[in-house]
Amino acid sequence: MITSSSNPRVKQIVQWQNKARERRDAGIFLTEGFKMFGEAPEDRILEVYIADDTWDRAAAIPGMREKLIRTGCETVTSELFRKMSDTQSPQGILCVMKRPRYRLEELLSAPNPLFIVLENLQDPGNLGTIVRSGEGAGVTGIIMGGGTADIYNPKTIRATMGSVFRVPFVYTEDLEGAVEGLREKGVRVYAAHLEGERYYDSFSFREGTAFLIGNEGAGLSRELASRADSYLKIPMEGSVESLNAAVTASILMYEAHRQRACSC
């Protein structure tokens, strides 16, 4: 059992929790909680830490003890685990995960793809919600500009509720070029935009589709929006001008899902 905060492994976890660059350089990300551990692919689990007062709770969850035996784990004191954790009320289990590697070219090879393209999205919670909704709606992948929040931010990871393990994503410094690449592959690109002249449900998303979602406050840049084939809008009542970015993305993804699932 690890009992000292001066333990080098403990100090490394604390640094990874607080420094995105160190996580990136190490090629890892951190997850916490029983649900995240239960859904984590075993071949990408590098380390597991569990608080000493958590074993009984873990043993009560079907399959949890067996998975811990297969992956191996290090026990730490509950007080020390609280220092390692990013949450105020930790569940007592933390994983160090190997980052997956996705390539846009591979995603584009999928038949009839559905993409979400994010430009300068800043809120980690919004990003995590989009990843989770994206899995539910069956997206092919998420493409993000370099200014978008870190998908491996602990808050983002929590908001994905495990979807981060299954939804492919890529970052690119040339988002406009990536959008042009989509169009060259026959993917039709739509911008959620205040200047949209038609409501989103008047378009057909049954073929290859990509939705552009911009910054929470500023929206899409003029440069990226100009790459869209069409602008669309969502009906608004009252004095509301726009919706939360994650809500907008979810509405559009699920409309595409509805259309593709409908036999009519």
Side-chain angles (χ1 to χ4, degrees), residues 1-37 39-52 54 71-103 118-132 141-175 215-217 245-246:
M1 180 188 297
I2 298 176
T3 60
S4 172
S5 59
S6 63
N7 182 285
R9 294 170 73 180
V10 172
K11 294 169 74 173
Q12 180 66 83
I13 294 293
V14 173
Q15 284 188 319
W16 280 337
Q17 288 283 25
N18 297 314
K19 297 182 179 180
R21 182 174 180 177
E22 292 212 11
R23 294 195 299 268
R24 183 175 62 251
D25 290 346
I28 63 92
F29 66 103
L30 305 177
T31 68
E32 292 191 51
F34 290 113
K35 176 177 173 59
M36 296 297 288
F37 174 71
E39 296 191 13
E42 291 187 27
D43 62 347
R44 283 164 41 197
I45 296 176
L46 300 177
E47 300 174 13
V48 181
Y49 297 89
I50 186 167
D52 58 355
T54 301
T71 62
C73 62
E74 190 75 56
T75 303
V76 301
T77 65
S78 56
E79 180 181 357
L80 191 55
F81 191 92
R82 284 192 291 273
K83 295 180 180 179
M84 298 166 63
S85 173
D86 182 67
T87 65
Q88 291 185 346
S89 301
Q91 292 186 22
I93 186 167
L94 180 152
C95 296
V96 180
M97 304 290 304
K98 180 181 178 181
R99 294 189 178 197
R101 295 186 180 276
Y102 303 107
R103 296 176 62 247
L118 304 177
E119 182 186 37
N120 295 325
L121 199 74
Q122 296 295 297
D123 185 83
N126 276 340
L127 177 55
T129 298
I130 290 172
V131 174
R132 186 181 182 190
I142 297 174
I143 304 170
M144 297 172 281
T148 295
D150 178 15
I151 200 167
Y152 293 120
N153 180 295
K155 183 177 180 180
T156 305
I157 295 294
R158 288 195 296 274
T160 71
M161 296 293 286
S163 293
V164 70
F165 298 135
R166 297 177 291 272
V167 177
F169 55 87
V170 295
Y171 280 92
T172 176
E173 293 300 327
D174 183 13
L175 199 56
N215 175 269
E216 291 90 343

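Heads up: numbering here begins at 1 and tracks the sequence.
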Non-hydrogen atoms of Glu32 and Pro90 that approach each other most closely: OE1-CB, 4.2 Å
For Val96 against Trp16, the heavy-atom pair lying closest together: CG1-CZ3, 3.9 Å
Sequence neighbours excluded, every pair satisfying salt bridge (charged side-chain N to carboxylate O under 4.0 Å, His left out) that has a member inside residues 71-91: Arg9-Glu74, Asp86-Arg158
Worked check of side chain to side chain donor-acceptor pair (under 3.5 Å) between Asn215 and Glu119: CA-CA 6 Å; Asn215 175 269; Glu119 182 186 37; over 6 Å; no
Results of side chain to side chain donor-acceptor pair (under 3.5 Å) for Arg99 - residues two or more places apart only: none
Check: Thr148 side chain, Met144 main-chain N or O, donor-acceptor pair, under 3.5 Å: no
N/O donor-acceptor pair under 3.5 Å between Glu22 side chain and Gln15 backbone: no
Centroid separation Phe169 to Tyr102 less than 6.0 Å: yes
Within-4.5 Å side-chain heavy-atom neighbours: Pro100 and Phe29: yes
Flag, side chain of Gln122 to backbone of Asn120, donor-acceptor distance under 3.5 Å: yes
Closest contact, heavy atoms only, Ala245 versus Ile130: O-CD1, 4.3 Å
Main-chain N/O of Ala149 paired with Asn153 side-chain donor or acceptor, under 3.5 Å: no
Salt bridge (charged side-chain N to carboxylate O under 4.0 Å, His left out) evaluation trace for Arg23 with Asp150: CA-CA 11 Å; Arg23 294 195 299 268; Asp150 178 15; 3.0 Å; yes
Closest approach of Val48 to Cys95 (non-hydrogen atoms, all atoms of both residues): CG2-SG, 4.2 Å
N/O donor-acceptor pair under 3.5 Å between Asp52 side chain and Thr77 backbone: no
Contact check, side chains of Met84 and Ser5, non-hydrogen atoms, under 4.5 Å: no
